[in-house]
Amino acid sequence: MATSWVNSAERIGSDLHLELTGPGGRRAALIRALREAVRSGRLAPGTRLPPYRSLAADLGVARNTVADAYAELVAEGWLTARQGSGTRVAERAEPLRPAARVPRQAPPRARGPRHDLMQGTPDASSFPRTAWLASYRRALQQAPNEVFGPGDPAGRVELREALTEYLARARGVRTEPGRIVICSGFAHALRLLFGGGVLRGPLAVEAYGLGFHREVLAAAGVRTVPLPLDEHGARVDRLGRERAVLLTPAHQFPTGGPLHPARRAAVIDRARARGGLVLEDDYDGEFRYDRKPVGAVQGLDPEHVIHIGSVSKSLSPAVRLGWMVLPERYVDAVLAVKGDREAWASVLDQLSLADFVVSGAYDRHVRRMRQRYRGRRDRLVAALAEHAPHIEATGIAAGLHAVLRLPPGTEASTVKAAAWQGIALDGLAAFRHPDTDMAAGDGLVVGYATPSEHAYGPALEALCRALPPP
């Protein structure tokens, strides 16, 4: 026998769950349940219990059963009963407490770096809270009821329409809403494409790139083949039998620089001739400083390029939203992998981003941050010119990081010296493909977007102290 009851807050001030179980009938079970509630502290001293009639109705038992249970608990000292004040938990009824234990001391927390110059993240203090909140409120107020049901795996049409217009205007992408699939970021796009079996390896990749992306591909069983780099970007003329290639053509990561126009045309011609595919990671496509805008490779041939982007750097990695602009033949396969409903990207965040883009707030934010990051880059270059003129900064015409070229054989010691100065950053070797025979030389990959404004100056001073002498 088991009966559960949850009383309302109006009766005793807080919810209480009773289970009437065990031998002896409902009276005995109710006595045990109330006694345990008092002993455990769920019913605190002074708490008023429901009247007989109310509790009996909730439990579906006779009023006499409740009255007898109350009477016995009053006799035992668990409860008190006074005319006009009802039945309450006795003030002297002490809950059963566990034996005192010596508190376990938490291990000392490791001290983080004082200066964060890691690449790949924007200035978190610059998130446009007011504008984003305004978009969120408008989106929530205007959202149809269907928004609060299962999400469309393709993503909200409002966001896909907004991205269609924005990507065409800002990045030269040629598409339509039906060929955009929303995801939670670039890594998620790789998991959908390769982990879901839409695409298969081997996959050509740039000889220097994010190791995390290679790990995602390896987990999906994809073998990656490194392509060497030079001052014009990836050497696409060195492509082998791989049908697909992953590139960062707007701003090669991490060495910097756009893919040369002749190589853009060459990789598209090759994809057309062999039925191949280019995966375009639109890394840093919106942040350019000293060069003309470089459009997306996808605009050259939408049927042979998968264009992948996100707001992780332009807005914030906390907004887990990205997109794939797909050739028509891949749309249904990707949606089949995603399933019947959206499981990753918040629908409300999608609507907020759609409003943020359509209202012009996204453009204004990007322009503002472009100016701020350009100022950060200029301060880095000026600091090097003053304190370490023998160190050259490269890849600085766009993006959120610079590569500081170091004397041969000094990278490991400089990374260690930076750590002693409390600086978090990476050496260039950390991004090298393990199977490449290409060496890009010694260098530091310095992210100048991450620190807040007040922290950036001290970070540059510490960086200059860590650099090797001439």
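- In summary, the side chains of Arg320 and Ser346 do not present any donor paired with an acceptor at a separation below 3.5 Å, with no hydrogens or angles considered.
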### Message
Let's go through Arg160 and Arg179 carefully: what are the C-alpha distance in whole Å and the side-chain angles of both, what is the deciding distance for side chain to side chain contact (heavy atoms under 4.5 Å, CB included) to 0.1 Å, and is it a yes or a no?
### Response
CA-CA 9 Å; Arg160 291 185 283 120; Arg179 291 170 59 166; over 6 Å; no
### Task
May I have the step-by-step check of side chain to side chain contact (heavy atoms under 4.5 Å, CB included) for Tyr362 and Val311, ending in yes or no?
CA-CA 10 Å; Tyr362 186 69; Val311 296; 4.1 Å; yes
### Task
Please report the C-alpha distance between Thr121 and Thr450 in whole Å, then the side-chain angles of each, then the deciding distance to 0.1 Å, and finally whether the side-chain hydrogen bond (donor to acceptor under 3.5 Å, both in side chains) criterion is met.
CA-CA 6 Å; Thr121 56; Thr450 304; 2.7 Å; yes
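- By the 30° and 60° cut-offs, the orientation of the rings of His251 relative to Tyr283 is parallel.
- The distance from the CZ atom of Arg138 to the OG atom of Ser352 is 9.5 Å, given to the nearest 0.5 Å.
- Looking at Gln119, its side chain never comes within 3.5 Å of a backbone N or O of Gly447 through a donor-acceptor pair.
- Formation of a donor-acceptor pair under 3.5 Å by the Arg341 side chain with backbone atoms of Pro150 is not found in this model.
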### Message
Apply salt bridge (Lys or Arg N to Asp or Glu O under 4.0 Å) to residues Glu161 and Arg156 and explain how you reach the verdict.
### Response
CA-CA 9 Å; Glu161 289 175 346; Arg156 286 297 305 182; over 6 Å; no
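- When ring centroids are compared, Phe253 and Tyr208 stay outside the 6.0 Å threshold.
- The neighbour count for Arg243 CZ, taken as heavy atoms of other residues, nucleotides or ligands under 6.0 Å away, does not exceed 12.
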### Message
Working note: Glu242 + Leu203, criterion side chain to side chain contact (heavy atoms under 4.5 Å, CB included); need CA distance, chi angles, decisive distance, verdict.
### Response
CA-CA 6 Å; Glu242 304 83 26; Leu203 175 69; over 6 Å; no
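- Salt bridge status for Arg238 with Asp230: absent, with no side-chain N to carboxylate O gap under 4.0 Å.
- Ring centroids of Tyr373 and Phe287 are separated by less than 6.0 Å, placing the two rings close together.
- The closest donor-acceptor contact from the side chain of Gln298 to the backbone of His307 lies at 3.5 Å or more, if one exists at all.
- Here Arg272 pairs with Asp301 in a salt bridge; the nearest charged N to carboxylate O distance falls below 4.0 Å.
- A salt bridge between Glu286 and Arg367 is absent, with no side-chain N of the basic residue lying under 4.0 Å from a carboxylate O of the acidic one.
- Note on Lys313 versus Asp282: no salt bridge recorded, every NZ/NE/NH1/NH2 to OD/OE distance being 4.0 Å or above.
- In terms of modelled atom types and a separation under 3.5 Å, the side chain of His401 and the main chain of Pro254 share a donor-acceptor contact.
- Taking the six-membered ring where the residue is Trp, Phe186 and His213 present tilted rings, their angle falling between 30° and 60°.
- When Val334, Leu277, Leu192, Val222 are each tested for a side chain to side chain contact (heavy atoms under 4.5 Å, CB included) with Leu199, only one passes: Leu277.
- Distance alone, capped at 3.5 Å, is enough to place a donor-acceptor pair between the Arg432 side chain and the Thr436 backbone.
- Between the side chain of Glu392 and the backbone N or O of Thr394 there is no donor-acceptor pair closer than 3.5 Å.
- For Arg137, the CZ atom is loosely surrounded, since the number of other residues' heavy atoms within 6.0 Å does not exceed 12.
- In terms of modelled atom types and a separation under 3.5 Å, the side chain of His365 and the main chain of Ser314 share a donor-acceptor contact.
- A cation-pi contact links Arg376 to Tyr456, judged by a cut-off of 6.0 Å to the six-membered ring centre and 45° from its axis.
- Side-chain atoms of Asp426 do not come within 3.5 Å of backbone N or O of Val445 as any donor-acceptor pair.
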